[in-house]
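Numbering of residues begins at 1 and proceeds along the displayed sequence. Note that ligands are numbered from 1 as they come in the structure, with each ligand's atoms numbered from 1 the same way.
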Amino acid sequence: MYTLASILSSISYKRKNIFNSEMQIISLAYDSRKIRSGGESLFFALENIRDGHDFIADAYSKGVRSFVVSRENIDISDFTGANFIWVENVLGTLQALVKQHRQMYTNPLIGITGSNGKTVVKEWLTELLLPEKKVYQSPKSYNSQLGVALSLWNLTEDYDYALIEAGISRPGEMQLLEDMIKPTIGIFTNIGTAHSSGFVSKEEKIEEKLKLFKEVDVIIYSSKYTIKSFISAGVKSFTFGEQDDDDVKVLSVEQNQLGQTDLRLSFLDKEQLFVLPFNDKASIENSLICLSTLLFLGYSLAELAKRVFKVKPVEMRLNLNKGKNNCSVIDDSYSNDIASLQVALDFLYQQQQHSKKTLILSEMEGLNDKLKVKLKDLLQEQKLDRVILVGDRLAYLKESLTGEVSLYSATEELVDQLSHIDFFDESILIKGSRSYHLEDVSRLLVAKSHETVLEINLNALVHNLQQYRKLLAPGVKTMAMVKAFSYGSGSFEVANLLQFNKVDYLTVAFADEGAELREHGINLPIMVLSPDEQTFESLLSHRLEPEIYNLRILNAFVRFLRSKGIIDFPIHLKIDTGMHRLGFLPEEVQDLGTVLLKSKEISVKSVLSHLAASGNRKHDVFTQEQIDVYKQVTQKLKDILHYDFIEHVANTSAIVDWKSAHMDMVRLGIGLYGIDTGKGKLSLEPVGQLKTTITQIKELKAGETVGYERNATLKRDSRIATIKIGYADGYDRRFGNGTGLMSVNGNIVRTVGNICMDMCMLDVTDITAREEDEVVVYPDLNKAAEAIGTIPYELLVNVSTRVKRMYFYG
Ligand SMILES: *Cc1c(COP(=O)(O)O)cnc(C)c1O
């Protein structure tokens, strides 16, 4: 345990103002939004996308009394009783502290890096080691400069192994990570193309990644990656593969009839068959890494063969689902340790849709006295309304937590009693170790649905938001377009995340979309693109700000406000500079100004226009003209109104291609959802993945026909899979008869015959596919759109609302 005094003795600082140096420090904080009660936190004012110094007051109001800062002129008289430490570099100080902390850990620390598979390898290794070892792992994908520091902070000396993931995106970063992590064993998963934008060559990337391992005893990797020449002298290699000098030899890899993989290995003159419950390349490679690591650690082939079946291509992520009785259910029942519990609790507190918060928590592996105290401290910091504990060793928490606390000895007992517990209008976090299979609880709490789902990757959404924000000059605001159900991806679920990540404005198409957001706790200002008279009441009661596009709607709105006795209601003026959709034409601006001047009921918050072809170089002259016209119009309006308003014209493609059009605010739409309009200038991540399942597979003879109208005649004996998606789900009929490509177990297959209303058929003759296998409907959204002559926007928003949206994080 640290006190402020012990921390001060291990870092260097410029000056300090200490009120109480005996204060206990348990957690490190850097994001004031994530603090619930900060009495025992040390806050680091990091300068990231936002400057942490601006959030000192917020952190203080949540109880934090100790701050590490670099800004000189902080008025500390505002913060009675607080400790301040001034340093040169705040992140560097955090890292230095963690570096010290790491030194008390003397057991093997396994560092994992590579382009892909880091998280899977980490999770699987933990799983394989757990029966008898205490394993510490960095949570989810906490692998960045900050993430690694935070994950090392929770490491204590009583673990047998620590597994720490490290990721980098540009040269120079790994050295800093190495300095903190100081791994003793290195795992190099693979080298691919992911995140390569920051590097000039593959070699540079390998060299950089291997800096993590410059002082390890050994590096474990596949000999198919020729990285030997980059490995530091004195570091041993432990390889697997098909070459004679590999330590672990792969004798054969074959798919069996059940779609599993028979893997035959030899090690130290012994041979062993492993049956892996999957057949995709990535999972096989990941299992080979894990097996080789365990062989290196001294396990025998025979012992491993007994364990490997437990390793499944598991849900390693935190899922957010719609529950019964209007609940939100966050299922994170894959692993349980302090650090990942912290991450999951943070996510729970991002949910604004319900004020009531419940935690269902199982015992953790390796729960010793020290961990018990940590867990108690962490839970006491939260403001949970109800805690349901599973496992008798958590009984000690009953006395220390306020609110409603109950205890069940085993998951089965909770499952039995579940129907007697009232869950209503609340957010429920389910967090448990694998062996407690709390997914059984989650299944009962989640509303059952049709098995076609649109999975929404919330991390990717945030990643994409950051990508665009990086292009903006300081002070330029971001308006996020969440119209049309956030381009098909959901309403408050997406808006919550955008609100948490501090976008400035949200925009919906219609008042009812805005009303739904307000009803789920979204407080950001919301602009409504197409208001009409029938919805004025709703605008008012939900604080929604209309876009006003002509005199008719302006006059009507002013009359409405007058009848209610309201003044200064915020509105947005839309100018038509060439899109010719909605908006005042430039020649109408004089009349507009006259009405505005005599209408104290409204106040112009912003003036906007929409660019018709900002993504198309062919129309650059036209786009420039639109911008020029817009500027003339806004100048005129300023002269008339004599007050400032926000100016904005740029949509996604203009953010990338028209810096001069960023003005005061940009309107980010499709790019947020991972569709790259900038042709590869940014590295966006796909957000939505439409998935369905195979209902039935049949063997048919050449000459038979498939589907309505007998449109497809089989040219050969075929295996045809019927899947659960049709045009009523938004899968366009034009994808029928081979135009649509889907992916099953990583293989691309084509549709056969016409698309039906709720189903369609795929030709799976050439691949391994079983009934109930998962099908990815659009492996490449851009290509799919092109194949039927439309654009990705349409495919996204056409996914029918009956298709369940499932959100995940991590
Ligand atoms: C939809 C919309 C946007 C966003 O466009 P993207 O191309 O998706 O970024 C911006 N402004 C207005 C007025 C819109 O209707």
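- Annotation: atom 12 (C) of ligand 1 to nearest protein heavy atom, His610 CE1, 3.4 Å.
- Using cut-offs of 30° and 60° for the angle between ring planes, the Tyr673 and Tyr487 rings count as parallel.
- Of the possible polar contacts, none joining the Tyr778 side chain to the Ala785 backbone as a donor-acceptor pair under 3.5 Å is found.
- Here's the thing with Ile670: one of its N/O atoms is less than 3.5 angstrom from an N/O atom of ligand 1.
- Ligand 1 has a nitrogen or oxygen under 3.5 angstrom from a nitrogen or oxygen of Gly669.
- Closest protein heavy atom to atom 8 (O) of ligand 1: Tyr487 OH, 2.6 Å.
- Of all atoms in ligand 1, listed by their number and element, those nearer than 4.0 Å to a heavy atom of Met481 are 2 (C), 3 (C), 4 (C), 10 (C), 11 (N), 12 (C), 14 (C).
- In terms of protein heavy-atom proximity, atom 11 (N) of ligand 1 is nearest to Arg667 NE, 2.8 Å.
- Atom 7 (O) of ligand 1 has its closest protein heavy atom at Tyr793 OH, 2.8 Å.
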Worked check of side-chain contact (heavy atoms from CB on, under 4.5 Å) between Ile723 and Val777: CA-CA 10 Å; Ile723 61 169; Val777 178; 5.7 Å; no

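- For Asp729 (side chain) and Gly726 (main-chain N/O), a donor-acceptor pair under 3.5 Å exists by modelled atom type.
- Using a 4.0 Å cut-off between heavy atoms, Leu529 contacts ligand 1 through its side chain alone, with no backbone atom that close.
- Where the criterion is an N or O separation shorter than 3.5 Å, residue side chain and backbone included, Arg581 meets it with respect to ligand 1.
- Aromatic ring pairs are classed by plane angle as parallel below 30°, tilted from 30° to 60° and perpendicular above 60°; the pair Phe645 and Tyr643 is perpendicular.
- Among protein heavy atoms, atom 2 (C) of ligand 1 sits closest to Lys483 NZ, 2.4 Å.
- In this structure, the side chains of His662 and Lys659 come closer than 4.5 Å at one or more pairs of heavy atoms.
- Across all non-hydrogen atoms, the minimal contact from Val775 to Met742 is CG1-SD, 3.6 Å.
- If you look at His648 and Tyr505, their ring centroids are not closer than 6.0 Å.
- Where the criterion is an N or O separation shorter than 3.5 Å, residue side chain and backbone included, Asn651 meets it with respect to ligand 1.
- With hydrogens left out, the protein atom closest to atom 9 (O) of ligand 1 is Thr652 OG1, 2.5 Å, a heavy atom.
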